[in-house]
S.K.: 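One structure follows; several queries about it will come next.
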Amino acid sequence: MSRPDKADLRVYPNLKALSQAVAESVVELAKAAVEQSGRFTIALSGGKTPRRLYGLLARKHRRQVPWDKVQVFWGDERYVPPDDPRSDYRMARKMLLDRVPIPEGNMHPMPTLFPRPEHAAEAYQATLRAHFPGRWPRFDLILLGLGVDGHTASLFPNNPALDEKSRWVVAVDAEEADPPVRLTLTLPAINHAKNIYFVAAGKDKAPALQHALAAGPDPRAAPASAVAPVDGRLIWWVDRPAAR
Ligand code: 6PG
């Protein structure tokens, strides 16, 4: 796991400017990936921060993305039905996917209706393997958020999921989270992506951002600090309040 001595940190005045910059970069990545390999594989993040970004991709940049060549996955998911207001899938559909001409078969939500979340994780790993033939999935882009506690995707501090070394997807039980049961990509699955974009905004994220960028990775206390692409690019896209 390589960790550059200096993070690629890009600071914008506010969430609006930040979202615009990320949207433009995502469009460029999508075009380049489709040009190079005929597809663009992206794992979306949930929460509130990316909503504005998704809205820009759905409206302002709608025509710039070859949606029929985009394969959409998720980096994590709350273990709730897809129509539950807490569902990351539901949010992405509303803010982006229902508003662009992406084929239904190009969207690969994490399944959340298995009686046991462990089985859902296994099923999603099989879905990923069908799209990524190698030892690890190699997403063109993974979008990640940052929790105030330093979590990212659904990798929470001191959670056993942080120790996973071979599976791509695991079920998580994080009692501090709402809802506590989640599915998430594992750190090695994330770290094999070609591009990893953290998008974080707001002054409440400043301590977690500082901890994530501090010298050595501190996976247990700050899971986001353990995100370090094996052979790829990591960019931290933040607004000024978060960078303070
Ligand atoms: C989720 C996300 C999670 C999120 C952070 C930040 O399912 O909630 O994947 O990792 O990115 O919690 O959330 P906000 O953007 O709402 O602050």
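First listed ligand is number 1; within each ligand, the first listed atom is number 1.
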S.K.: Should you measure from each heavy atom of Gly145, which atoms of ligand 1 turn up under 4.0 Å away?
M.R.: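 Within the 4.0 Å cut-off of Gly145, ligand 1 contributes 11 (O).
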
S.K.: Mind checking what makes side-chain contact (heavy atoms from CB on, under 4.5 Å) contact with Glu104, not counting sequence neighbours?
M.R.: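 Checked Glu104 against side-chain contact (heavy atoms from CB on, under 4.5 Å); matches are Tyr89, Arg93, Met107.
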
S.K.: Between Arg10 and Asp8, is the closest basic N to carboxylate O distance under 4.0 Å?
M.R.: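 Yes, charged N to carboxylate O under 4.0 Å.
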
S.K.: Given that the side chain starts at C-beta and the backbone is N, CA, C, O, which of these parts of Glu77 lies under 4.0 Å from ligand 1, counting heavy atoms, or is it both or neither?
M.R.: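 Near ligand 1, Glu77 shows nothing, with every heavy atom at 4.0 Å or more.
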
S.K.: Looking at atom 8 (O) of ligand 1, what's its closest protein heavy atom, distance included?
M.R.: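 Scanning the protein heavy atoms, the shortest distance from atom 8 (O) of ligand 1 goes to Arg78 NH2, 2.7 Å.
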
S.K.: For Asp84, is there an ion pair with Arg90 - N to carboxylate O distance below 4.0 angstrom?
M.R.: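 Looking at Arg90 and Asp84, the cut-off is not met.
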
S.K.: Give a yes/no verdict on whether any heavy atom in Arg182 is under 4.0 Å from an atom of ligand 1.
M.R.: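 Contact check Arg182 vs ligand 1: positive.
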
S.K.: Check the pair Asp231 / His192 against side chain to side chain donor-acceptor pair (under 3.5 Å), numbers first and verdict last.
M.R.: CA-CA 7 Å; Asp231 173 19; His192 279 82; over 6 Å; no

S.K.: Quick test of your reading of the model: are Arg86 and Asp178 salt-bridged, counting only N-O distances below 4.0 Å?
M.R.: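 Asp178 and Arg86: salt-bridged.
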
S.K.: Report the member of Met91, Lys48, Lys205 with the shortest heavy-atom distance to atom 17 (O) of ligand 1.
M.R.: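 Residue with the shortest heavy-atom distance to the ligand atom: Lys205.
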
S.K.: Find out whether the Lys NZ or Arg CZ of Arg129 is both under 6.0 angstrom from the six-membered ring centre of Trp168 and within 45° of the ring's axis.
M.R.: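 Output yes; distance and angle both within limits.
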
S.K.: With sequence neighbours excluded, what pairs up with Ser25 under the side-chain contact (heavy atoms from CB on, under 4.5 Å) test?
M.R.: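 Tyr197, Trp237.
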
S.K.: Heavy atom under 4.0 Å from ligand 1: found in Val148's side chain, backbone, both, or neither?
M.R.: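 Under 4.0 Å from ligand 1, Val148 contributes no heavy atoms.
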
S.K.: So, is Ala153 polar-close to ligand 1, with some N/O to N/O distance under 3.5 Å?
M.R.: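 Yes - when backbone and side-chain N and O of Ala153 are compared with those of ligand 1, one distance drops under 3.5 Å.
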
S.K.: Within ligand 1, which atoms have a heavy atom of Asp76 less than 4.0 Å away?
M.R.: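 Those atoms are 1 (C), 2 (C), 7 (O), 9 (O).
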
S.K.: Any N/O of Thr152 closer than 3.5 Å to an N/O of ligand 1?
M.R.: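 N/O-N/O distance below 3.5 Å does not exist for this pair.
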
S.K.: Suppose I only count heavy atoms of Asp88 and a 4.0 Å limit; which atoms of ligand 1 are within that range?
M.R.: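 In order of number, 1 (C), 7 (O).
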
S.K.: For ligand 1, find out whether one of its N or O atoms is nearer than 3.5 Å to an N or O atom of Thr49.
M.R.: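 Yes; the residue has a nitrogen or oxygen that sits under 3.5 Å from a nitrogen or oxygen of the ligand.
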
